[in-house]
Amino acid sequence: MYLAIEGVIGAGKTTVARLLQETFSAQLCLEVFEENPFLSDFYADRARYAFQTQIFFLLSRYHQQRQDVAEALRGRSVLTDYTFAKDALFARLNLHGDELEMYYRVHNALAVKIPRPDLIVYLRASTDVLMYRIAQRDRPYERQMERAYIDELNRAYDSFFGGHGDSPVLKVDTDSLNLVANTEHLADIQGKIKSALRIGPYQVELPL
């Protein structure tokens, strides 16, 4: 089984992936993004550093998917906090003209070699909630992030995962959820995922 957690920056992808790892006895493969040398420059000047940032992410995600995810799937279930497909979503927002065309050529050539998730769990949140969560975790390279960009990204995610055809998508509204502190919230998501994967009936497990 290959289960992927998706959502906009600040949605809680990595936190949810870690919380679900034991439930599904899966190997956890987390996205490597802090190594991108263009990331802080991109948030400060999107137009200037978009292509470099996008290509770096594309190749990094490709190598991680080919090495970590594909290899792990040979022996056990895998749980990730990102999908390879979503990289093209960012490209459509940040690239234009010849740069976007060149990106698609590379992306399409690589995508055919990437395993597709059996289920994508899309963690949705309002833009205000996302901005609050981003501010709370206070990552240095996210401090210059503009609300307009997150709002644009949020709408793009809704559109992309609302009609994503390569894998089934389970949409979860997280505005009022606290998966770390509330075991009922976590149990609810676990049950919905199991139901979507048809590995057990959907039943909320109440905490002991």
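Remember, predicted model here, so these are calculated numbers, not experimental data. Residues take their numbers from the sequence shown, with the count starting at 1.
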Please name all residues satisfying side-chain hydrogen bond (donor to acceptor under 3.5 Å, both in side chains) with [X], sequence neighbours left out, ordered by chain then number.
X    : result
R137 : E142
T83  : E6
Y43  : none

I'd like to check [X] versus [Y] (side-chain heavy atoms, cut-off strictly below 4.5 Å). Are they in contact?
X    : Y    : answer
F57  : L39  : yes
F84  : Q64  : no
L119 : S167 : no
P115 : L73  : yes
R124 : Y157 : no
L177 : I189 : yes
I150 : E146 : no
Y103 : L58  : yes

Count I, L, V, M, F, W, Y as connected when their side-chain heavy atoms are under 4.5 Å apart, and connections chain through other members. Are [X] and [Y] then in the same cluster?
X    : Y    : result
Y2   : L28  : no
V78  : L170 : no
L197 : V69  : no
I5   : V180 : yes
L79  : L179 : yes

Using the salt bridge (charged side-chain N to carboxylate O under 4.0 Å, His left out) rule, collect all pairs that involve residues 52-70, keeping only residues at least two apart or in two chains. E31-R61, R61-D87

Each residue besides V112 in its hydrophobic cluster should be listed here, by chain and number; the cluster joins Ile, Leu, Val, Met, Phe, Trp and Tyr at side-chain heavy-atom distances under 4.5 Å. none

Which ILVMFWY residues can you reach from Y82 by hopping between side chains whose heavy atoms are under 4.5 Å apart?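 Cluster partners of Y82: none, it stands alone.
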
Residues D41, R48: salt bridge by 4.0 Å N-O rule: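 No, this pair does not count.
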
Between Y49 and F42, is the ring centroid distance below 6.0 Å?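 For Y49 and F42, the ring centres are not under 6.0 Å apart.
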
State which residues pass salt bridge (charged side-chain N to carboxylate O under 4.0 Å, His left out) with [X]; sequence neighbours excluded, sorted by chain then number.
X    : answer
R147 : D128
R133 : none
D138 : R143
D118 : none

Name all pairs fulfilling the side-chain hydrogen bond (donor to acceptor under 3.5 Å, both in side chains) condition that reach into residues 8-22, sequence neighbours left out, sorted by first residue then second.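 Passing the test, one end in residues 8-22: T14-D81.
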
Is a side-chain donor or acceptor of [X] paired with a backbone partner of [Y] at a separation under 3.5 angstrom?
X    : Y    : value
T80  : L30  : no
D188 : E184 : no
N154 : A125 : yes

Non-hydrogen atoms of [X] and [Y] that approach each other most closely:
X    : Y    : answer
G10  : L130 : C-CD2, 3.6 Å
I9   : I134 : O-CD1, 3.7 Å
S126 : D175 : N-OD1, 2.9 Å
R76  : S25  : NH2-O, 3.3 Å

Nearest-0.5 Å distance that lies between atom [atom1] in [X] and atom [atom2] in [Y]:
X    : Y    : atom1 : atom2 : value
Q65  : E71  : CD    : CD    : 13.5 Å
L110 : L59  : CG    : CG    : 6.5 Å
Q190 : T183 : CD    : OG1   : 9.5 Å
I120 : L3   : CD1   : CG    : 9.5 Å

Is the F38 ring parallel, tilted or perpendicular to the F56 ring (thresholds 30°, 60°)?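 Aromatic pair F38/F56 classed perpendicular.
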
Taking distance alone, no hydrogens or angles, what donor-acceptor pairs closer than 3.5 Å link side-chain atoms of residues 89-102 to residues at least two apart or in another chain?
from : atom 1 : to   : atom 2 : distance (Å)
N94  : OD1    : R46  : NH2    : 3.1
N94  : ND2    : F90  : O      : 3.0
E101 : OE2    : R105 : NH2    : 3.1

